[in-house]
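This report concerns only the one structure given below.
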Amino acid sequence: MYILAIETTGAFASVAVSDGSRILAHIQGNDRFSHLENLMPQVKQAVAESGLSLGNMTAIAVSVGPGSFTGIRIGVSSARGLAQILKIPCVPVSSLQALAMRAEVEDNVLVCPMLDARRSQIYAGGYLINNGIASEIVAAGHYALDEFMGIVKEYDEIAIMGDGADVYEDKISEYRADGIIRVPEAVRYQHADTVAQLGAILYGQGNSVKYEQLKPDYMRIPEAERKLKEKNAGWRL
């Protein structure tokens, strides 16, 4: 089994190739939000460095969200196109669950990936890590920051990661003075390595879909759509 993994929900696109148990190659982009220009060259490079070809791939694992709306669309569209051409299935992966798997913490520490959704809101979830696998304890969703911090206050220690943990670091400290572990920067953000690892597990469990069934998971409507609805509602008053 060979998994091609795509991660575009954060600022930097990345691609990895896995044989189901090991990462054979991984390419991390260096240009912020340059997914459209760089993703396919990254795919080509990762496959070449793995010593394989696209024709060897069993499935394509892709981070379907939440995260950057534009990034999600690029990743999902690219995975669909590749899967259609290669006639292989796709494996939708939660960006939050895959991100949580990057944290190296004790088993009893609740890992809380937080992605900035703006206006003191986050996409977040709570996970416990066991043998490298992240089990969802606090439901992944779109939260107001204070709402989420209230939910996780019962845990003695929480590990925070993701760009939301950066943006709202001061506010998080106001909600909670101790018991906060800030995950090191080297593993704080989304990366295709754990998308590949989680994708292989999900594929083995039968959680794959045909390319046309692959859907993004934005967790809320896009900002432009929200503003349009508010404008239209105003016209009806």
Side-chain angles (χ1 to χ4, degrees), residues 1-102 113 115 132-134 162 186-187 189-218:
M1 172 174 64
Y2 295 112
I3 301 292
L4 174 66
I6 294 172
E7 169 54 76
T8 57
T9 66
F12 302 99
S14 60
V15 176
V17 177
S18 165
D19 66 1
S21 59
R22 298 174 299 131
I23 300 298
L24 303 179
H26 53 88
I27 304 298
Q28 176 71 33
N30 296 316
D31 301 325
R32 290 179 62 85
F33 296 108
S34 61
H35 309 341
L36 188 60
E37 297 84 1
N38 295 338
L39 180 60
M40 294 315 295
Q42 287 177 271
V43 168
K44 183 178 180 180
Q45 183 180 354
V47 172
E49 289 190 7
S50 73
L52 302 168
S53 69
L54 280 173
N56 296 128
M57 297 300 117
T58 307
I60 299 175
V62 57
S63 183
V64 296
S68 160
F69 285 13
T70 300
I72 292 170
R73 285 192 288 267
I74 292 170
V76 169
S77 297
S78 298
R80 282 176 179 166
L82 286 168
Q84 181 179 14
I85 292 169
L86 298 172
K87 296 180 172 58
I88 58 176
C90 297
V91 183
V93 172
S94 162
S95 58
L96 294 173
Q97 187 177 10
L99 177 55
M101 287 171 59
R102 304 201 78 207
L115 305 180
I133 307 302
V187 292
Y189 310 108
Q190 299 97 307
H191 196 287
D193 55 1
T194 47
V195 175
Q197 293 169 13
L198 183 54
I201 293 168
L202 294 171
Y203 179 79
Q205 295 172 343
N207 295 313
S208 61
V209 298
K210 296 179 180 179
Y211 75 89
E212 65 268 27
Q213 296 173 314
L214 185 68
K215 305 294 183 183
D217 182 12
Y218 297 120

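Computed from a prediction, not measured in an experiment: that's the story for all the values here.
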Does the pair N38 and N30 meet the rule for a side chain to side chain contact (heavy atoms under 4.5 Å, CB included), with working shown? CA-CA 10 Å; N38 295 338; N30 296 316; over 6 Å; no
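Of the residues V43, L82, I3, the one that meets the side-chain contact (heavy atoms from CB on, under 4.5 Å) test with I60 is L82.
Residue pairs meeting the salt bridge (Lys or Arg N to Asp or Glu O under 4.0 Å) criterion with at least one partner in residues 46-72, sequence neighbours excluded, are absent. Listed by first and then second residue, the side chain to side chain donor-acceptor pair (under 3.5 Å) pairs that reach into residues 77-86 are Q84-Y211, sequence neighbours excluded. Contacts classified as side chain to side chain donor-acceptor pair (under 3.5 Å) and involving residues 10-19 (residues at least two apart or in different chains) are given here: D19-S21, D19-R22. Pairs engaging residues 189-217 under the salt bridge (Lys or Arg N to Asp or Glu O under 4.0 Å) rule: R102-D193 [sequence neighbours left out].
Using a 4.5 Å cut-off on side-chain heavy atoms (C-beta onward), S68 and T8 make no contact. Taking the side chain as every heavy atom from C-beta outward, P216 and F69 never approach each other to under 4.5 Å. Under the 4.5 Å side-chain criterion, counting only non-hydrogen atoms from C-beta, T58 is in contact with Y203.
The aromatic rings of H26 and H191 lie perpendicular to each other, with more than 60° between the two planes, well past the 30° mark.
Smallest separation of non-hydrogen atoms from L115 and G67: CD1-CA, 4.2 Å. Between L99 and T194, the closest heavy-atom pair is N-OG1, 4.4 Å. Of all heavy-atom pairs between S50 and V47, the closest is OG-O, 2.6 Å. Residues P92 and V209 approach most closely at CD-CG2, 4.2 Å, considering heavy atoms. When all heavy atoms of Q42 and I27 are compared, the closest pair comes out as NE2-O, 3.4 Å. Closest of all the heavy-atom pairs between A46 and A25 is O-CB, 3.3 Å.
Dense packing is recorded around CZ of F12, with more than 12 heavy atoms of other residues, nucleotides or ligands lying under 6.0 Å away.
Taking the side-chain hydrogen bond (donor to acceptor under 3.5 Å, both in side chains) definition, one finds that T9 meets it with E7, Q190, sequence neighbours left out. By the side-chain contact (heavy atoms from CB on, under 4.5 Å) test, L36 is found to be paired with I74, residues two or more places apart in sequence or in another chain being considered.
Rounding to the nearest 0.5 angstrom, the gap separating the CE atom in M101 from the CD1 atom in I201 is 5.0 Å. Atom OG1 of T70 and atom CZ of F33 lie 8.5 Å apart (nearest 0.5 Å). Here CD1 of I6 is found 11.5 Å from NE2 of H35. Values are rounded to the nearest 0.5 Å.
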